[in-house]
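The structure presented is a predicted model; accordingly, all values stated were derived computationally and were not measured. Residue numbers start from 1 in every chain, and the chains themselves are labelled A, B, ... in the order their sequence lines are given, proteins ahead of strands.
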There are 2 protein chains.
Amino acid sequence: MTGNPAAGKRYTIYDVAKEAGVSPSTVSNALNGTARVSPKTQQRIDQAIAHLDYTPNANARALRKTSSRIIGVILRDISSEYYAQCVASILQRALDEDYVVLTSDAHFRQDVMEKSVAALVERRVDGMMFIGGHSDEDSIRSVHEAGIPLVLGDRYLEGFPCVQFNNYDTMRGIVHAFYDAGYRRFGYLGEMLMNQQNLQMRFGGFERGLDECGISDENRYISLTEYLNVGKMQPAYEQFTKYLRATPPKIRPQIMFSSNDMVAQGIISAVLRSGLRVPEDVAVIGFDNISIAKYCTPSISSVEQDPYQLGDACFNLLMQQIHHRETENIMLTQRVAIRSSAPLAAENIERYGLQLYEEE
Amino acid sequence: MTGNPAAGKRYTIYDVAKEAGVSPSTVSNALNGTARVSPKTQQRIDQAIAHLDYTPNANARALRKTSSRIIGVILRDISSEYYAQCVASILQRALDEDYVVLTSDAHFRQDVMEKSVAALVERRVDGMMFIGGHSDEDSIRSVHEAGIPLVLGDRYLEGFPCVQFNNYDTMRGIVHAFYDAGYRRFGYLGEMLMNQQNLQMRFGGFERGLDECGISDENRYISLTEYLNVGKMQPAYEQFTKYLRATPPKIRPQIMFSSNDMVAQGIISAVLRSGLRVPEDVAVIGFDNISIAKYCTPSISSVEQDPYQLGDACFNLLMQQIHHRETENIMLTQRVAIRSSAPLAAENIERYGLQLYEEE
DNA sequence: CTGAAAGCGCTAACAC
DNA sequence: GTGTTAGCGCTTTCAG
């Protein structure tokens, strides 16, 4: 709090050393615990630091050391509750471990992704996390080739450390569970799969389940639309409204699966505003279990995949990578939240090895 | 793409200089456009850079220059769609302007806030943004005293550059509008106001409106609860369910105002699950206009305050601060999205100078 | 336990 | 147009 130098200008370790009557290296040692410092000296240094309101310059430190203690996080799209919560957990872990986080949002664009990656490389981040990515393999490979530790979150790419959810098994199990409960016509509405590996797994599990249950093509309504990559509810709403209008009741799916809760809500909305009922006419199940899902009318059945757990696991894995420890990919377990939009008995869920999400 | 040095180790400007047969300063000039470089030399340098896959070290640059081209963003709580979207717009602007963003989430805690601020100061950020803060005046003042440019977003603090929304006028106007439409008993459910200036303004405008309309105390139901600072829907739901059970119909509010859409949905949920109707028995109006609001059943009337506009304005203001230009505080205009949970004729809204949010 | 000196990678004077 | 050199603030040998 003592008078600072001109704006921007701050005191250096030399100023502290002079004030404390020791050498800069001793101050450095005291600051970092690099070598023992006598209690007396320590105290004088502490006083000087407090007196000058000295703050070490982390950029200078990063320049000198091999590590910057910066990690970079690149998201496919930060502007959803789900990924925001994931980031929140990463930020917390980082703060605890004295890392600082450079965040970047590619919002689905390859060029933005490349520029973001370049910026992080220039800052000499100690490691990077790619969360929920999309058609950006080149960027990832280039980071890897530059020798920068990296981790992929909520996706999988051969040869890279990953944290994934068990999308395939979950979807497959849910299909079986609803089949057992008497459902015979199934629908899916979601984004184009393209390079989104997590969505591919979901859809793969879905189809596998249908195959195993002997559901024929005419009893499947499948719509993968690129519009959903941008907006969520509006396109889902419009698309499904149109579909309902054009399709006789006997043909339309008894249950709709969707790629996230926003899309699910769009579908529900379409059903209700078309004068039909959820779940009696069409049941709907979402993904992500966003916080509002429980309170919607009807409440939305959803697949929960804990974003905090995701962030946490990514952080752990990245730390291991940075410290050159052996790592194994992490598979996190999704849980099924059964609510009004697609009701089901708990035992139906658990029979297929799925975990039930219990409301608090 | 040529073989990199050992992991982490990268080529320097000297390597590029040697490869191109020029001096480091020429490379620097070529890189930064600091001085004219002959086309031939430029080309040789470009080749060398490409050949070595050279990336400048931004930390070294930051050490040497007066600016780090890092900005710090500290959020009260990043884990909501609203603030995530605000961050998204900041990230985009930053990328365009060649800044890099260190993000921090205080999640309402003073100690976390302090540690975050310290970390950003160590990195010598060129400026900081405090978005949606809370009881952290000391941190802000200390940053200011350290001579670091800063901006406050979605809040106001005397003496600091701020970007705010017109909370007071909006709330006041809405009260009048609903009064005109015949409503006589008003309620408010939200977080404790404490140091949250934006909430204080909202509540202040609310009370002012009621006073002007001559609404007596017994026709006001006001609940400011600290539980809402943590969860949103669950506590709102529980609280309002309890309230409804304990309160005779003639006394309960005809319209409930709430501090955000999550709370609004909690209230709506409580009303519906108590066997009452929205809006016939209790109308409900939220805040933030999150993307799902339009698609809930009933759709939620809400006050829209564009998070992208907020982020953008904060970024602009911070740039001005950094470049020592004169700045004026920015007041952004909220818009009222009228939907089923609290219907109202458009002219009622516009009569009080409020802007109507038109659905796309 | 403490100090002197070199150097991390870059830019900015200032020569040429 | 280009090169030489010093130094940003720190850590790290290596002596003492």
Side-chain angles (χ1 to χ4, degrees), chain A residues 4-6 8-45 48-49 52-70 98 121-126 146, chain B residues 4-6 8-46 48-49 52-70 98 121-126:
Chain A
N4 273 309
K9 192 70 196 156
R10 310 214 81 204
Y11 288 114
T12 75
I13 205 169
Y14 285 90
D15 300 316
V16 175
K18 194 187 291 178
E19 175 99 7
V22 296
S23 81
S25 54
T26 303
V27 177
S28 175
N29 284 329
L31 236 37
N32 301 299
T34 333
R36 290 193 61 79
V37 175
S38 79
K40 254 193 198 153
T41 317
Q42 181 69 258
Q43 197 193 344
R44 290 219 309 285
I45 291 174
I49 288 174
L52 299 178
D53 195 20
Y54 166 74
T55 319
N57 181 328
N59 295 320
R61 184 177 283 167
L63 180 58
R64 186 61 231 254
K65 305 236 263 195
T66 47
S67 151
S68 65
R69 293 203 86 80
I70 306 175
D98 288 315
V121 173
E122 289 196 357
R123 298 289 162 174
R124 299 296 187 265
V125 295
D126 287 348
Chain B
N4 273 309
K9 192 69 193 154
R10 310 214 79 201
Y11 289 113
T12 75
I13 203 169
Y14 285 91
D15 300 316
V16 175
K18 193 185 293 178
E19 175 99 6
V22 295
S23 81
S25 57
T26 303
V27 178
S28 175
N29 283 329
L31 236 36
N32 301 300
T34 332
R36 290 194 62 81
V37 174
S38 79
K40 254 193 197 154
T41 318
Q42 182 69 260
Q43 197 193 344
R44 290 220 309 286
I45 291 174
D46 289 345
I49 287 175
L52 298 177
D53 195 21
Y54 166 75
T55 320
N57 182 328
N59 296 320
R61 185 177 282 167
L63 181 59
R64 187 60 232 256
K65 306 237 261 192
T66 48
S67 150
S68 63
R69 293 202 87 81
I70 307 176
D98 288 316
V121 173
E122 291 197 357
R123 298 290 162 172
R124 298 298 186 265
V125 295
D126 287 347

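The stretch residues 60-70 of chain B touches DNA chain D through B/Leu63, B/Arg64, each having a heavy atom within less than 4.0 Å of the strand. Of the residues in residues 21-40 of chain A, A/Ser25, A/Ser28, A/Asn32 come within less than 4.0 Å of DNA chain D through at least one heavy atom, sorted by number.
In this structure, B/Lys18 atom NZ and D/dG3 atom C1' are separated by 16 Å, rounded to whole Å. Following rounding to the nearest Å, B/Arg124 (CZ) and D/dC8 (P) show an atom-to-atom distance of 14 Å. Put simply, CD on B/Glu122 is 12 Å from C1' on D/dC10, counting in whole angstrom units. Per the geometry, CG belonging to B/Asn59 stands 12 Å off P belonging to C/dT11, to the nearest Å. Rounded to whole Å, atom C1' of C/dG3 lies 12 Å from atom CD1 of A/Ile45. The distance from atom CD of A/Gln42 to atom C1' of C/dT2 is 13 Å, rounded to the nearest whole Å. Rounding to whole angstrom units, CZ of residue B/Arg123 and P of D/dG9 are separated by 16 Å. At whole-Å resolution of the value, OH in A/Tyr14 and P in D/dG7 are 11 Å apart.
Each end of the helix from C/dC1-D/dG16 to C/dC16-D/dG1 gets its own axis, taken as the rotation carrying the C1' atoms of four end pairs onto the next four within a five-pair window, and the two axes meet at 30° to the nearest 10 degrees.
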Task: Stepwise side chain to side chain contact (heavy atoms under 4.5 Å, CB included) test for A/Val16 and A/Leu52 - done: CA-CA 7 Å; A/Val16 175; A/Leu52 299 178; 4.1 Å; yes
TODO: Could you walk me through whether B/Ile45 and B/Ile49 pass the side chain to side chain contact (heavy atoms under 4.5 Å, CB included) test, one step at a time?
DONE: CA-CA 6 Å; B/Ile45 291 174; B/Ile49 287 175; 3.8 Å; yes
TODO: Begin from the C-alpha positions of A/Asp98 and A/Arg69 and carry the test side chain to side chain contact (heavy atoms under 4.5 Å, CB included) through to its verdict.
DONE: CA-CA 7 Å; A/Asp98 288 315; A/Arg69 293 203 86 80; 4.0 Å; yes
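Here A/Gln43 pairs with A/Gln47 under the side chain to side chain contact (heavy atoms under 4.5 Å, CB included) rule; sequence neighbours left out. Here A/Asn32 pairs with A/Ser28 under the side-chain hydrogen bond (donor to acceptor under 3.5 Å, both in side chains) rule; sequence neighbours left out.
Listed pair B/Tyr54 / C/dC10 meets the phosphate criterion, a side-chain N or O lying under 4.0 Å from OP1 or OP2.
No side-chain donor-acceptor contact under 3.5 Å links B/Ser68 to the backbone of B/Ala62. Distance alone, capped at 3.5 Å, places no donor-acceptor pair between the B/Asp15 side chain and the B/Tyr11 backbone.
Closest of all the heavy-atom pairs between B/Ala17 and B/Pro24 is CB-N, 3.6 Å. Between A/Arg44 and A/Gly21, the closest heavy-atom pair is NH2-O, 3.9 Å. Scanning all heavy atoms of the two residues, the minimum distance from B/Arg124 to A/Pro56 falls at NH1-O, 3.4 Å.
Residue pairs meeting the side-chain hydrogen bond (donor to acceptor under 3.5 Å, both in side chains) criterion with at least one member in residues 54-66 of chain A, sequence neighbours excluded: A/Arg10-A/Thr55.
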